[in-house]
Amino acid sequence: MMSEIDLDAAVRAGIVDATTRERLLAFAAMPAAAAFTPDNSVSPDEESFRLLTGFNDIFVTIAIGLLLFALGALGGQVAPALGALLTAAASWGLAEYFTRKRRLALPSIALLLAFVAGVLMLGVTLFGVSPSHNPHAAARIGFGSAGDGPGSAAGFAAAAAMAVAAAYAHWRRFHVPITVAAGAAALAGLVLAVA
């Protein structure tokens, strides 16, 4: 591929004019420019999606899963809310690199799911919803009341609302296509909790 230095030399040699140079640079900067090669006639309306580009995606996803699990477990030893918060925060931070910069599909999906699940678990712990229905679980972290009943349903509704907002924020920042499904699942949980 020609660099800007090569194009500048071509302009000085009179091979191309300055307008053509600028148009070539603008074309090369377009993300879809690589798809329009003479032997690959992909139309602009077709989507070229690959979940895996190699074993690197699998190894990166495994490493991300191990890191997030470790952060959640270690933070959860201090307080369940801290484990959920660390998982969500680390997922967002890692997505800044693996989703925005590297554009890796499988790690992006894993990070999205970990982020939304982390925010949901943060809400569950903050609002005192306990899957074990242990009334002492909420008292340990100092929030709400655990167990069955209206308080538990309202707490889960608030946690699900947090997950919906988290999915929306993730979509606005990263545009991972499966975010819509994660947000819809959180919204369905919210509707069920309200009902």
Report task. Decide side-chain contact (heavy atoms from CB on, under 4.5 Å) for Leu122 and Met162; before the verdict, give the C-alpha distance in whole Å, the side-chain angles of both, and the deciding distance to 0.1 Å. Result -> CA-CA 9 Å; Leu122 178 64; Met162 286 176 59; 4.2 Å; yes
Report task. Could you please spell out the steps behind the side-chain contact (heavy atoms from CB on, under 4.5 Å) verdict for Phe174 and Phe98? Result -> CA-CA 10 Å; Phe174 301 109; Phe98 290 109; over 6 Å; no
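Remark: Phe55 CZ to Ile62 CD1 distance equals 10.5 Å, nearest 0.5 Å. How far OG of Ser108 is from CZ of Arg103: 7.5 Å, rounded to the nearest 0.5 Å. Rounding to the nearest 0.5 angstrom, the gap separating the CG atom in Leu192 from the CG atom in Leu187 is 10.0 Å. Separation of atoms CG (Asn56) and CG (Leu104) is listed at 6.5 Å; rounding is to 0.5 Å. Here the CH2-CD1 distance, from Trp171 to Ile178, works out to 11.5 Å after rounding to the nearest 0.5 Å. Note that CG of Leu71 is 11.0 Å distant from CZ of Phe69, once rounded to the nearest 0.5 Å.
Screening Ile15, Thr20, Leu25 against Leu7 for a side chain to side chain contact (heavy atoms under 4.5 Å, CB included) leaves a single residue, Leu25.
Linking Ile, Leu, Val, Met, Phe, Trp and Tyr whenever their side-chain heavy atoms come within less than 4.5 Å puts Leu112 and Leu85 in one cluster. When hydrophobic clusters are built by joining Ile, Leu, Val, Met, Phe, Trp and Tyr residues whose side-chain heavy atoms come closer than 4.5 Å, directly or via intermediates, Val116 is not grouped with Tyr168. No continuous path of hydrophobic side-chain contacts links Val194 to Phe156 [ILVMFWY only; heavy atoms under 4.5 Å]. When the side chains of ILVMFWY residues are joined at heavy-atom separations under 4.5 Å, either directly or via intervening members, Val164 and Val180 end up in two distinct hydrophobic clusters. Cluster membership for Ile64 and Leu86, using ILVMFWY side-chain heavy atoms within less than 4.5 angstrom, is shared.
With contacts defined as side-chain heavy-atom distances shorter than 4.5 Å, the pair Leu111/Leu68 qualifies. Counting heavy atoms from C-beta on, the side chains of Leu94 and Leu67 come closer than 4.5 Å.
Nearest heavy-atom pair across Val176 and Thr179 is O-OG1, 2.6 Å. Of all heavy-atom pairs spanning Leu113 and Ala182, the tightest one is CD2-CB, 4.4 Å. Minimum heavy-atom separation, His175 to Arg172: NE2-O, 3.5 Å. Listed here is the closest heavy atom pair of Ala153 and Ala193: O-CB, 3.7 Å. Across all their heavy atoms, Ala160 and Ala186 have their closest contact at CB-O, 3.7 Å. In terms of heavy atoms, Asp17 sits closest to Val11 at O-CG2, 3.9 Å.
Between His170 and Phe115, the ring planes are tilted. Angles from 30° to 60° get that label.
Remark: the backbone N or O of Ala10 is not paired with any side-chain donor or acceptor of Arg21 at under 3.5 angstrom.
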